[in-house]
Protein chains: 2
Amino acid sequence: MEASQQGRALRSDAERTVRTILEAAERVLSKNPSASMEQIAEAAGVARTTVHRRFASRDALVSAMEGWATRQFAAAVDSANPETTPPLVALYQVTASVLRVKIDWGFAMSRASSDPEVARVHSEVEDRCERLFLKAQATGLLRADVDPAWARRVYYALIHEAAQSQGDDADTLATLLVDTLLRGVGTDRGLG
Amino acid sequence: MEASQQGRALRSDAERTVRTILEAAERVLSKNPSASMEQIAEAAGVARTTVHRRFASRDALVSAMEGWATRQFAAAVDSANPETTPPLVALYQVTASVLRVKIDWGFAMSRASSDPEVARVHSEVEDRCERLFLKAQATGLLRADVDPAWARRVYYALIHEAAQSQGDDADTLATLLVDTLLRGVGTDRGLG
DNA sequence: CAGAGTTGCAACACTGATGTTGCAAGTGCT
DNA sequence: AGCACTTGCAACATCAGTGTTGCAACTCTG
């Protein structure tokens with residue numbers, strides 16, 4: 001084999017390999033959830049055996065992706081301080097933060113994990129989001145005649161859609177998203 | 001084997017089997033896109049070999065699902081006459097009609113088919129939808145400052161989300177969906 | 001009742017993906 | 001240079017899913 005492709009040994013290098021594989025796996029699996037380990041390895045620029053050395057099984061790899069993405073996810077929500085700012089501000093901040101993560105880790109984030117810790121974090125975020133929407137309705141940001149559960153589903157759907165965008169930065173998308181969520185895309189003057 | 005499980009022969013029966021398999025496949029694959037033929041057969045209440053007799057391969061089965069769903073889809077859009085009614089009416093009618101199909105054929109409908117005929121129908125519907133949104137903007141139903149492409153993406157996302165609902169009928173969902181699309185979920189009075 | 005048609009079941013071959021191992025070779029640290 | 005570590009590669013075993021076939025059994029029609 002050639003020198004340039006050979007191992008550079010030691011821990012920091014191994015960690016870099018792990019990250020490279022995780023990122024490649026996200027890229028490949030988001031396009032094709034049933035892609036093979038071979039395809040993932042190829043995308044990461046390593047041999048398939050290297051992937052298996054780092055992750056005992058396919059499940060272990062996916063679990064690691066979920067774990068990594070979930071930590072980023074939780075950190076993103078935390079950084080937005082949704083409990084201590086006005087609902088509109090919180091909504092915007094959470095949206096922008098989450099989008100930054102979801103754009104890069106869409107596959108890993110939108111999986112019902114079997115890992116209890118990951119599931120716990122997800123349902124925790126779910127709860128915080130629910131509380132945010134209830135508060136938003138109580139303060140009059142959300143219409144009183146709208147089911148907050150539906151509003152939340154719409155919000156998730158918009159996040160998912162916005163995260164598919166290429167080229168726009170998270171802040172631009174968050175602005176557009178929150179505007180669309182709250183005002184819709186129609187005028188107020190009824191029938192066209 | 002027992003009598004009650006045995007074949008009842010003849011053509012109308014064979015057709016019923018095909019339909020049963022298609023419906024079971026949709027049910028199973030919408031929950032797990034990589035489910036096996038065995039699982040599909042079990043859900044349909046037939047032996048795996050029977051599925052293989054009716055559909056030469058897994059691809060053939062999925063293609064048949066796409067074909068069936070696409071025909072329903074095209075018929076649904078046609079029945080709504082989106083070109084000959086005011087945009088708001090068209091939007092509502094199309095939404096209700098499409099939801100009726102998408103609730104039952106969500107998996108088969110949201111796949112980029114390799115069958116050129118299916119792909120053609122899909123892009124045709126896409127075009128009609130695009131024209132509808134442009135018209136909606138021209139007539140003032142959509143705000144002038146909203147990118148119609150974004151509005152359409154939001155619309156698709158809402159359709160997808162609404163189609164996941166259980167228990168509500170298509171008309172109720174269409175009303176809710178169009179209302180949310182045009183007005184959003186917020187009040188007009190800004191910060192809460 | 002006879003024949004056509006369909007099904008379930010068991011058995012088989014084939015394929016692609018998964019996971020493992022041994023070995024040679026390269027890199028960085030000491 | 002020697003050591004620790006990691007990688008690529010080739011080879012292998014295993015397994016699950018796919019697709020095929022032969023056969024017996026059943027039902028419906030005529």
Side-chain angles (χ1 to χ4, degrees), chain A residues 1-66 107-108 111 114, chain B residues 1-66 107-108 111 114:
Chain A
M1 63 207 59
E2 289 130 40
S4 61
Q5 291 179 11
Q6 275 307 94
R8 289 174 199 77
L10 260 26
R11 213 175 77 252
S12 70
D13 226 32
E15 283 171 7
R16 199 172 305 132
T17 303
V18 167
R19 283 281 295 274
T20 303
I21 293 172
L22 288 177
E23 287 167 6
E26 167 62 38
R27 244 178 300 136
V28 172
L29 293 178
S30 65
K31 285 181 188 166
N32 173 18
S34 61
S36 68
M37 297 290 270
E38 179 71 53
Q39 291 172 280
I40 294 170
E42 188 186 350
V46 299
R48 187 173 64 90
T49 42
T50 300
V51 180
H52 275 111
R53 279 197 199 93
R54 296 297 169 193
F55 304 97
S57 70
R58 198 179 199 284
D59 274 354
L61 169 58
V62 174
S63 286
M65 294 171 66
E66 289 170 356
F107 169 83
R111 277 182 52 92
S114 54
Chain B
M1 63 206 56
E2 290 132 40
S4 60
Q5 291 179 11
Q6 276 307 94
R8 289 172 199 80
L10 259 25
R11 213 174 78 250
S12 69
D13 226 31
E15 283 171 6
R16 199 172 304 133
T17 303
V18 167
R19 283 283 296 275
T20 303
I21 293 172
L22 288 177
E23 288 167 6
E26 167 62 37
R27 244 178 300 135
V28 172
L29 293 178
S30 65
K31 285 181 189 167
N32 173 18
S34 61
S36 68
M37 297 291 267
E38 180 70 51
Q39 292 172 278
I40 295 170
E42 189 186 350
V46 299
R48 187 173 63 90
T49 42
T50 301
V51 179
H52 276 111
R53 279 197 199 94
R54 295 299 168 191
F55 304 97
S57 69
R58 197 180 200 284
D59 275 354
L61 169 58
V62 174
S63 287
M65 292 171 66
E66 290 169 356
F107 170 83
R111 278 182 52 93
S114 53

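Naming: A, B, ... by sequence-line order, numbering from 1 per chain. All heavy atoms count here, side chains included; hydrogens, waters and symmetry mates do not. Quick caveat: nothing in here was measured; it's all calculated off a predicted structure.
- By the salt bridge (Lys or Arg N to Asp or Glu O under 4.0 Å) test, R111(B) is found to be paired with E66(B), residues two or more places apart in sequence or in another chain being considered.
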Shorter than 3.5 Å, N or O on both sides, protein versus nucleotides 13-17 of chain C: list them out with atom names.
none

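- Pairs engaging residues 24-37 of chain A under the salt bridge (Lys or Arg N to Asp or Glu O under 4.0 Å) rule: none recorded [sequence neighbours left out].
- For R16(B) and dC28(D), the CZ to P distance is 11 Å, given to the nearest whole Å.
- Side-chain contact between V28(A) and F107(A) is absent, with no heavy-atom pair separated by less than 4.5 Å.
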Please set out all donor-acceptor pairs under 3.5 angstrom arising from side-chain atoms of residues 37-51 of chain B, sequence neighbours excluded.
unit_1: Q39(B); atom_1: OE1; unit_2: S36(B); atom_2: N; d: 2.9
unit_1: Q39(B); atom_1: OE1; unit_2: S36(B); atom_2: OG; d: 3.4

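- Summarising the geometry, the separation between CD on E42(A) and P on dC9(D) is reported as 12 Å, rounded to the nearest angstrom.
- Considering only heavy atoms from C-beta on, V18(A) comes within 4.5 Å of F55(A) through its side chain.
- Contact between the side-chain N/O atoms of S57(B) and the OP1/OP2 oxygens of dT18(D) is not found at any separation under 4.0 Å.
- Looking at residues two or more places apart in sequence or on another chain, you find a salt bridge (Lys or Arg N to Asp or Glu O under 4.0 Å) between R19(A) and E23(A).
- If you take CD1 on I21(B) and CZ on R53(B), they are separated by 10.5 Å, rounding to the nearest 0.5 Å.
- For the segment residues 43-56 of chain A, residues with any heavy atom less than 4.0 angstrom from an atom of DNA chain C are, sorted by number, R48(A), T49(A), H52(A), R53(A), A56(A).
- With rounding to whole Å, E38(B) atom CD is found 12 Å from dA10(C) atom P.
- For S57(A), the side chain to side chain contact (heavy atoms under 4.5 Å, CB included) partners at least two apart in sequence or on another chain are D59(A), A60(A).
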